[in-house]
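Before any comments, here is the structure.
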Amino acid sequence: MDSTAPGPQSAGLIEGLNDAQRAAVTSTASPLCVLAGAGSGKTRVLTRRIAWRVAEGDAHPGHVLALTFTRKAAGELNTRLGSLGIRDRVAAGTFHSTAYAQLRRWWADRDQSAPGLLDRKVRLLAGLVPGGPREAKPVEAMDLAGEIEWAKARMIGPDDYALEAEGAGRRAPVTPSRMAEIYRRYEEEKHRRGLVDFDDLLSMCARAIEEDAGFAAAQRWRFRHLFVDEFQDVNPSQFRLLSAWLGDRLDLCVVGDPNQAIYSWNGADPTLLTSFTARFPSAEVINLEDNYRSTPQILTVAGAVLGRSSLRANRAEGPVPAVRSYGSDVEEARGVAALVRQARRPGAPWSDIAILARTNAQLPALERALRSLQVPSRTAGGAALLEQPEVKAALRQLAQAPPGATFLAVVADIEQAAGDDTGPLDASALEERRMQLVAFAQLAREYAALDARPSAGGFRSWLTTTLAGDGGAGAGDAVALSTFHRAKGLEWPVVFLVGLERGLVPIGRSSGPAEEAEERRLLYVAATRAEHRLHCSWAERRSFGQRSLPRQPSPYLEAIEMACLRLEGRDVPAPDTAAGLSRARSALPAPRRRPGNTAADLVADADPGVLSALRQWRSVTAKASGVPAYVIFHDSTLAAMAASCPTSTKQLLGLPGLGPVKVSRYGDAILALVAEHRASA
C-alpha cells in the first residue's frame, strides 16, 4: 500500500480540483505561497488546504490561525471549513481583531487596565487641525487621519514622517513638517487621555511578543499553523506582527494576487508578496491561472487594461463587453439605469447586477436614477450591525447573563431566539431580525475562538475593532452600488463600470509610474468582478458642485475598445503592451475641432440636411437596438459629424465622442449617409 496516498477523509478534499489547485492543497512545503489570479478559486484552495492538513493529521484546527482582511471573509472561511467536516472552530479574523484579543489577555494577566480604544481618529484630530475645532472641516480631519494611518502602516513615527513622506511622494493635506507636528500632537493627546487607536494594536501586540518570552511562547503554542489571505494587501506593520507570531518557524501559507494589489496608497506593500521567496528562500510558489468566474471576452478586456493576460478562461463564450459614451453624468446615470432594467433576466434577482464607480461621490446620482425607474439598489456600507436594535439587545443579554452561564451558552440562547417568530412583525421583518441575530452569534463564536476566556465586555470591544470600516450588506433584493475598491472580492453576473474618464480613472491625484500601475490594477479588479456581461461608460461632461466641466475618456479605454474590436473580428493592431496601444492610437489623425467647443457652436456650423438625416438614422437605430437615442450618439457628436462631413474612417475617429468600437459598428452607415446627402445638396 502506498503510504503517501491520501486517506479516505482527505481524498474527497481534492476532488474537482485542477492540477495547480490540487498541488496547492496537498503541498508539504513550508512556507507556501499561492499566487491566485482573479476567479481562480483561492478561497476554495485555502479552506481545502486547511482541511487537508487537519484530515492528514498534520494540523489541529485549534492551533490554526487564519488571517483575513474583513469579518465577512473570516465568516465565510469558517462556514466553508464547517462544510468540509472541520467541527472544531478555527481561529479566523483580521490582524486588528486578533491582536486586540491577545492584548486584552496580556493586560488581564498583568492586572493592567486595558486602555480605551479610539474608534475614530477624526474625533481627536478635529481639535488639532489648523484653525481649531470650530473651523475644522471634517474632510480635512479625515485626510489627516488617513495620512497618520499610512505612516503607522509603514511603521513611521512623527519624527521621521516628513522625510519619509517626501521620499514617498505623499501629498498630505498640509505641508510635511506641519503634518509631522499634527501627528506628534495626536500621539501626545492620545497618550494623555489613555487611548490607543486601531493601528496601535498591531505594534503593541508585536512588541509584547518580541519583548515578553512567556507571552510569545503562549501565542506560538496556541497558533502553530498560520494562513494569510489577500497577502498582497499586507502592510509592513502587519508583517511585523505576522513575523512575531511566526517566530523561527516556517509553518506559513499565504495566498494573494499581485494584479489585485490596490491598497499601496493606504500603506500596503505588495512586494511582500512579489518578493516572498527573497524573504523565505525555502518557500514553494504555486500559480493558479485558471479563471472560473468570467467569460473569455471579459478576461480579454480585463487583460488588455494591464497590457497582459495570464488567466485561462474556463467558462463558455459570452457577449463582447460594451463601451458607451453619454453627454453628461446625469445622462450616464439615466442611461445606465435604463440598461440595468433591460439587463435583468426574467425571474433573476436584482442582486445579479452591480454598478461600480471609482469614487463614492458618483453613487448618489446613480441611486436616484435607479429609484426613478423603481429599481431597488443598495450602496455598500449600509447601517452598522452594532446600530441594529436586535444586536443592542443581544449585547445587553450577554452583559446581564446570570452567574455560571458561559459565554457560548448565552450566545446559543440568543441564536435560538433568532428563530422565534413572536411579536408584531411581518415575514420580511422577522427574516431581517433572524439574519441580524445569526450574524451576531457568528461573530461571537469568532471572538471566542480567539480569546481563551471570552467575556461580554471583551466581545463588545472586539466587535468595535472588527466592524470598523466594514459596512453591512443590508437585506433585500437590490442592485449593488459600490466603488471599485469595495467591490474587490465580490462578483456579479452583470457589471456596469461607470465614469471611465480621465481624472477619475485614473484618479486625478494619481501621478508617477507606480500610482498609474495601481490605477490600472484597480480597473482590472473592477472588470474581473463581472461573470457574463460587462458594460463600460463615460460622460462627456460632469458636474462638480455648481460647475459642469468637459471630460475626456479614460486613457485605459483605448485598450478596452481595441480588445472589443478584436473580439468582434475586426482587423486592428494587437500590440503587446499598453504603450503599444497608445502608439497605435497616436497613428490616427489628430481630432478636427471647430473653433467653437459647445454643442450650439457645432450645430451652427453643421450642414442642416446632413444633421437632419443623422438624427433620423439615430432614431431608427436606437429603436431597433432598444436603447435611448443618446446611447447611440450624443447630439454634440451628431453635430460634429454634420459640421465636418467626414469621408473616411480616419476622419470619423478624429471627431469627439467617436472611438474605434462605435466607428466599427456605425462608421460605414454614417459615411454612406453623409455622402448621399452631400451629393444631393
Side-chain angles (χ1 to χ4, degrees), residues 1-61 63-68 73 76-77 80-81 83-86 90 92 224-234 242 246 249-261 270 272-294 299 303 308-315 489 528:
M1 181 176 178
D2 184 1
S3 60
T4 63
Q9 286 184 312
S10 308
L13 296 171
I14 56 176
E15 289 181 0
L17 301 181
N18 64 39
D19 291 344
Q21 290 173 334
R22 191 178 302 110
V25 168
T26 62
S27 173
T28 58
S30 288
L32 176 66
C33 176
V34 181
L35 299 180
S40 63
K42 76 174 178 59
T43 305
R44 189 183 195 200
V45 166
L46 182 62
T47 52
R48 291 199 182 203
R49 177 166 178 79
I50 295 172
W52 172 273
R53 292 193 58 184
V54 171
E56 289 288 289
D58 188 39
H60 187 282
H63 292 298
V64 169
L65 174 59
L67 294 157
T68 66
E76 180 184 354
L77 189 145
R80 291 204 190 190
L81 287 174
S83 69
L84 294 174
I86 306 299
V90 163
R224 307 175 194 180
H225 321 292
L226 304 182
F227 297 80
V228 186
D229 194 11
E230 304 286 6
F231 196 70
Q232 76 280 351
D233 295 336
V234 168
L242 177 66
L246 192 62
R249 302 168 301 171
L250 293 175
D251 197 340
L252 172 66
C253 173
V254 304
V255 181
D257 180 9
N259 289 332
Q260 297 188 70
L272 293 170
L273 176 63
T274 57
S275 302
F276 190 80
T277 53
R279 293 177 174 83
F280 299 97
S282 64
E284 179 182 7
V285 178
I286 296 176
N287 287 275
L288 305 184
E289 297 178 333
D290 282 278
N291 177 284
Y292 296 93
R293 176 189 300 151
S294 305
L299 290 184
R308 63 186 182 280
S309 179
S310 60
L311 293 178
R312 291 183 294 267
N314 284 264
R315 287 195 59 171
T528 53

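The figures here come from the full heavy-atom set of this structure, side chains too, leaving out hydrogens, waters and symmetry mates. Because the structure is a prediction, the values reported are computed rather than measured.
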- Message: Holding to side chain to side chain donor-acceptor pair (under 3.5 Å), I want the full list of residues that pass it with Asn314, two or more places apart in sequence or in another chain.
- Response: Asp290
- Task: Measure across Ile86 and Ala51 and return the closest heavy-atom pair with its distance rounded to 0.1 Å.
- Result: CD1-CA, 3.9 Å
- Query: What is the minimum heavy-atom distance between Leu32 and Ala24, and which atoms define it?
  - Reply: CD2-O, 3.5 Å
- Message: Between Glu284 (side chain only) and Thr28 (backbone N and O only), is there a donor and an acceptor less than 3.5 Å apart?
- Response: no
- Working to the nearest 0.5 Å, report the span between CZ of Phe280 and SG of Cys33. 10.0 Å
- Task: For residues Val25 and Trp52, report the shortest heavy-atom separation together with the two atoms involved.
- Result: O-CD1, 3.6 Å
- Query: With Arg22, which residues qualify under salt bridge (charged side-chain N to carboxylate O under 4.0 Å, His left out), at least two apart?
  - Reply: Asp19
- Query: What's the spacing between Leu252 CG and His225 NE2 if we round to 0.5 Å?
  - Reply: 12.5 Å
- Kindly compute the distance separating CD (Glu230) from CD (Gln260), expressed to the nearest 0.5 Å. 6.5 Å
- Looking only at heavy atoms, the pair that brings Leu13 and Ala55 closest together is CD1-CB, 4.2 Å
- For the atom pair CG (Leu77) and CZ (Phe227), what is the distance rounded to the nearest 0.5 Å? 9.5 Å
- To the nearest 0.5 Å, how far apart are CG in Asp257 and CG in Leu35? 7.5 Å
- Item | Exam field: side chain Arg49 to backbone Leu46, donor-acceptor pair closer than 3.5 Å | no
- Message: Between Arg48 and Leu84 (side chain of the first, backbone of the second, donor and acceptor by atom type, cut-off under 3.5 Å), is there such a pair?
- Response: no
- Message: Apply side chain to side chain contact (heavy atoms under 4.5 Å, CB included) to residues Val228 and Val234 and explain how you reach the verdict.
- Response: CA-CA 9 Å; Val228 186; Val234 168; 4.1 Å; yes
- Item | Check: Arg293 side chain, Thr528 main-chain N or O, donor-acceptor pair, under 3.5 Å | yes
- Looking at side-chain heavy atoms only, is the closest gap between Val255 and Val45 below 4.5 Å? no
- Item | Closest contact, heavy atoms only, Ser30 versus Leu250 | CB-O, 3.2 Å
- Can you see which heavy atom on Ala313 is nearest to which on Ser294, and at what distance? CB-O, 4.3 Å
- Task: Evaluate the criterion side chain to side chain contact (heavy atoms under 4.5 Å, CB included) for residue pair Leu17 and Arg44; output intermediate values, then yes/no.
- Result: CA-CA 9 Å; Leu17 301 181; Arg44 189 183 195 200; 3.8 Å; yes
- Note on the structure: Rounded to the nearest 0.5 Å, the OG1 atom of Thr26 sits from the CD atom of Glu56 at a distance of 9.0 Å
- Task: Please answer whether the main-chain N or O of Glu289 pairs with a side-chain N or O of Arg312 as donor and acceptor at a distance below 3.5 Å.
- Result: no
- Query: Looking at side-chain heavy atoms only, is the closest gap between Asp229 and Lys42 below 4.5 Å?
  - Reply: yes
- Donor-acceptor pair, Ser275 side chain versus Leu272 backbone, under 3.5 Å? no
- Message: Main chain of Arg80, side chain of Ser83: is a donor-acceptor contact present, judged purely on distance under 3.5 Å?
- Response: yes
- Message: Under the rule for side chain to side chain donor-acceptor pair (under 3.5 Å), what residues qualify as partners of Arg53, not counting sequence neighbours?
- Response: Asp58, Asp251
- Item | Flag side-chain contact, heavy atom, 4.5 Å: Pro258 against Leu273 | yes
